[in-house]
Amino acid sequence: MSDSLRNKVVVVTGASSGIGHSIALGSAGRGATVILIARDENKLNKVAAEAHELSGAPTYVFPTDLSSSDQIDAAFKQIIAVTKHVDYLVNCAGFGKFENFVEMDRREVTVMFQVNVLGLMYFTRLIGRLMIDQKTGQIINFGSMAGKVPTVKSAAYSASKAAVIQFSNVLRLELKPFGIKVMTVNPGPVYTNFFNIADKSGNYVKNVQKFMLDPDDVAWQVVHFFGSNKRELNLPMSLAVLAKLYNLFPAIGDQLSIKFASRK
Ligand code: NAP
């Protein structure tokens with residue numbers, strides 16, 4: 001692998017599993033110093049050991065529940081104690097639950113927004129200020145195809161991801177004068193632990209097999225676009241086209257979504 005991220009610092013939230021885990025290793029494989037954030041310390045330590053093996057560079061683990069602003073403050077302090085700069089922030093932590101909105105436990109909706117949206121925004125605010133002082137950096141936020149194309153049983157999750165996408169669109173404009181880039185990643189279904197929580201019945205996973213992405217492939221693309229001016233990474237291409245068509249013909253899109261994408 002190349003050494004293109006040697007001496008660069010990459011902070012990854014959601015690094016204990018799935019796409020975040022793969023992005024951490026993809027970055028370490030290019031020599032980066034990685035800072036790993038999620039709740040599960042044991043899993044993070046395992047990822048850190050793999051990352052260090054790949055990079056030979058320092059790796060740091062800061063267990064944090066991103067639904068808590070106090071814990072986010074504490075994580076930021078720990079980051080500043082070990083490094084004075086952050087080159088890339090990858091906000092990958094998040095979860096979903098596929099249920100009809102009116103049947104959802106409202107506390108679950110609250111936590112989903114605390115992690116997927118407010119935690120991401122608050123952490124971004126802290127790292128964003130640091131990047132403004134540095135006059136360089138890139139923030140990569142995980143939205144989802146769910147934030148672009150509606151499908152049943154995901155009103156709350158889709159709303160959280162639509163919020164991330166539009167938050168990122170505005171942030172991109174606000175941070176551009178400081179030389180800071182903002183990219184959104186909007187994947188379709190990716191084969192990770194995400195569905196252990198989101199899709200307990202397993203129906204959705206069965207129905208979207210043909211669109212399923214590999215987390216390592218998603219991570220490869222994300223790391224490939226580190227430092228680029230790309231606004232959005234929409235994956236796979238077939239769903240990216242579908243999202244564009246939905247924007248143009250939303251009424252037909254609604255009918256097709258009900259017909260083909262409601263078997264959750
Ligand atoms: P995953 O394997 O379940 O990973 C989710 C990560 O988020 C884990 O590292 C988890 O770590 C972390 N996390 C969850 N709640 C947290 C909290 N309260 N505080 C801190 N960290 C928390 O799922 P994934 O597929 O890799 O998901 C990564 C991102 O991609 C998510 O934002 C998801 O919405 C998005 N996405 C996924 C898919 C998909 O089909 N898989 C599609 C589109 C978008 P801990 O449990 O250790 O805290």
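Both counts, for ligands and for their atoms, begin at 1 and track the order of listing.
- For the pair M145 and ligand 1, the shortest N or O to N or O distance does not fall below 3.5 Å.
- For ligand 1, none of its N or O atoms has an N or O atom of F142 under 3.5 Å away.
- For the pair S144 and ligand 1, the shortest N or O to N or O distance does not fall below 3.5 Å.
- Under the 3.5 Å distance criterion, with hydrogens and angles disregarded, no donor-acceptor pair is assigned to the side chains of S16 and D40.
- Considering backbone and side-chain N/O of V190, one or more are found under 3.5 Å from N/O of ligand 1.
- Taking distance alone, with nitrogen or oxygen atoms compared against 3.5 Å, C92 approaches ligand 1 more closely than that limit.
- Comparing heavy-atom distances from atom 7 (O) of ligand 1 across G188, G94, A38 singles out G94 as nearest.
- S68 and D70 share no side-chain donor-acceptor pair at under 3.5 Å.
- Relative ring orientation between Y157 and F194 is described as tilted, the plane-to-plane angle lying within the 30° to 60° band.
- Ring planes of F195 and Y204: tilted class, angle from 30 to 60°.
- Contact annotation: the side chain of N234 approaches that of K148 to within less than 4.5 Å [non-hydrogen atoms, C-beta and beyond].
- Not one N or O of G143 is nearer than 3.5 Å to an N or O of ligand 1, by distance alone.
- Side-chain heavy atoms closer than 4.5 Å link hydrophobic residues (I, L, V, M, F, W, Y) into clusters, and following such links, possibly through other members, connects L36 to Y88.
- In terms of polar-atom proximity, F194 is counted as a contact of ligand 1, with an N or O under 3.5 Å from an N or O of the ligand.
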